[in-house]
Amino acid sequence: MIETIKALTEAFGPSGREDKIRNLIIEMIKDHVDGYNVDKIGNLIAWKGEGGEPVLFVSHMDEIGIVITNEIEEGFYRIEPVGGMSPYSALSRRFIFEDGTIGVVSVEHETFEDYKKALSNMTFDNLYLDTMGKKMKIGTFGVYMSSFYESGDLMMSKAMDDRSGAAVLVELVKKLKNPKRKFYVAFSIQEEVGLVGASVVAYPVDVSEAIAIDVTDSADTPKAFKRVPMKLGKGPAIKVKDKMSISDKRIVDKLVEVAEKEEIPYQMEVLIFGGTDAAALMKTKDGIPSATVSIPTRYIHTPSEVVSKKDFENTVKLLSAYVQRV
Ligand SMILES: [Zn+2]
């Protein structure tokens, strides 16, 4: 399980460049599913079991990143975020690119006054990438260069958003040897730039409900945002709403019922910002009742996203019990 998360989070796969991460997931699941398919835009969908009311689980496989926009001078480039990356999270970080280049992001300043100004109002306009002289093509994608680390119950890596969700689905297909009803696991593309893959991923399948598995914010550091109730280690968060959609109440009620019956710890989530693939799933085809199960995470969209092993395991348990509930 830890190995799965480590391998998935360390893999390269910013939005729009999901080939490597998709191939890795296929390797991990192919012997544990009844079949799989990659659709025309690159979503991966696999299925297992027969009969019942089929359910679709979706985790996005892309991660946030950066892209080269233009050359400033040889070895120095302007960059643009791919997905929601703060310039503050990019500053002084190493990035690795699809062509193998490694570079560091820094901030332009000619005077101390400049520097202070740039730090107080940082934008991608005053950041640059230093490739140590290496020539790069415009449009080359990169991601944080960051490795997996674990301590006690906690794990830290880039791309826990949403490779921890992808890892849940990988573990789910391994765990459910004889599912009581058919289920699909989908690994969507380009979630971070606008839920692109999830908008069409359900077209080839006939499902009566869908659940997105994604990370959510948590507030369990000394001065955390008080309006966020989620905490690491308190179980998967059953989302009631976020900024982009309201979970289907029937699914939320069933998730709570299953968690209580199986004595799986869980927490309720009301997020006052953000959105997941569930928002796109609700609006696809003639409407698929959808909800989200979240893994509480610290430092989302930074190179050091932190999640709890217990929450991860309990998310696998909850979804597995949800499939078997008939
Ligand atoms: Zn994200």
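- For the pair Glu313/Met1, a side-chain contact is recorded, criterion being any heavy-atom separation below 4.5 Å from C-beta on.
- Side-chain atoms of Ser304 and Tyr149, non-hydrogen and from C-beta on, never get closer than 4.5 Å to each other.
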### Verdict with supporting geometry, Ile211 and Leu255, side chain to side chain contact (heavy atoms under 4.5 Å, CB included)
CA-CA 10 Å; Ile211 298 177; Leu255 284 164; 4.2 Å; yes
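- No side-chain heavy atom of Val143 sits less than 4.5 Å from a side-chain heavy atom of Arg17.
- Both cation-pi conditions hold for Lys20 and Phe12: the charged atom is under 6.0 angstrom from the six-membered ring centre and inside a 45 degree cone around its axis.
- For the pair Lys310 and Asp153, the tightest heavy-atom approach, listed with the atom from each and the gap, is N-OD1, 3.0 Å.
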Would you tabulate the side-chain donor-acceptor contacts of residues 167-179 under 3.5 Å, counting partners in other chains and residues two or more places apart, or write 'none'?
unit_1 : atom_1 : unit_2 : atom_2 : d
Glu171 : OE2    : Thr4   : OG1    : 3.0
Lys177 : NZ     : Lys174 : O      : 2.9

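- Here the closest non-hydrogen pair linking Ala198 and Asn43 is N-OD1, 4.5 Å.
- Taking each heavy atom of Gly235 and Gln267 in turn, the nearest pair found is O-NE2, 2.7 Å.
- Using a 30° and 60° split on the angle between ring planes, His109 and Tyr115 fall in the tilted class, from 30° to 60°.
- In this structure, the side chain to side chain contact (heavy atoms under 4.5 Å, CB included) partners of Thr101, at least two apart in sequence or on a different chain, are Phe97, Asp99, Thr131, Lys134, Met136.
- At a threshold of 4.0 Å, the pair Glu50-Arg181 does not count as salt-bridged, since none of the basic side-chain nitrogens sits closer than that to a carboxylate oxygen.
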### Message
Using salt bridge (Lys or Arg N to Asp or Glu O under 4.0 Å), reason through Glu305 and Lys158 one step at a time and then give a plain yes or no.
### Response
CA-CA 6 Å; Glu305 298 176 331; Lys158 74 169 177 67; over 6 Å; no
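- Side-chain atoms of Ile238 and Glu269, non-hydrogen and from C-beta on, never get closer than 4.5 Å to each other.
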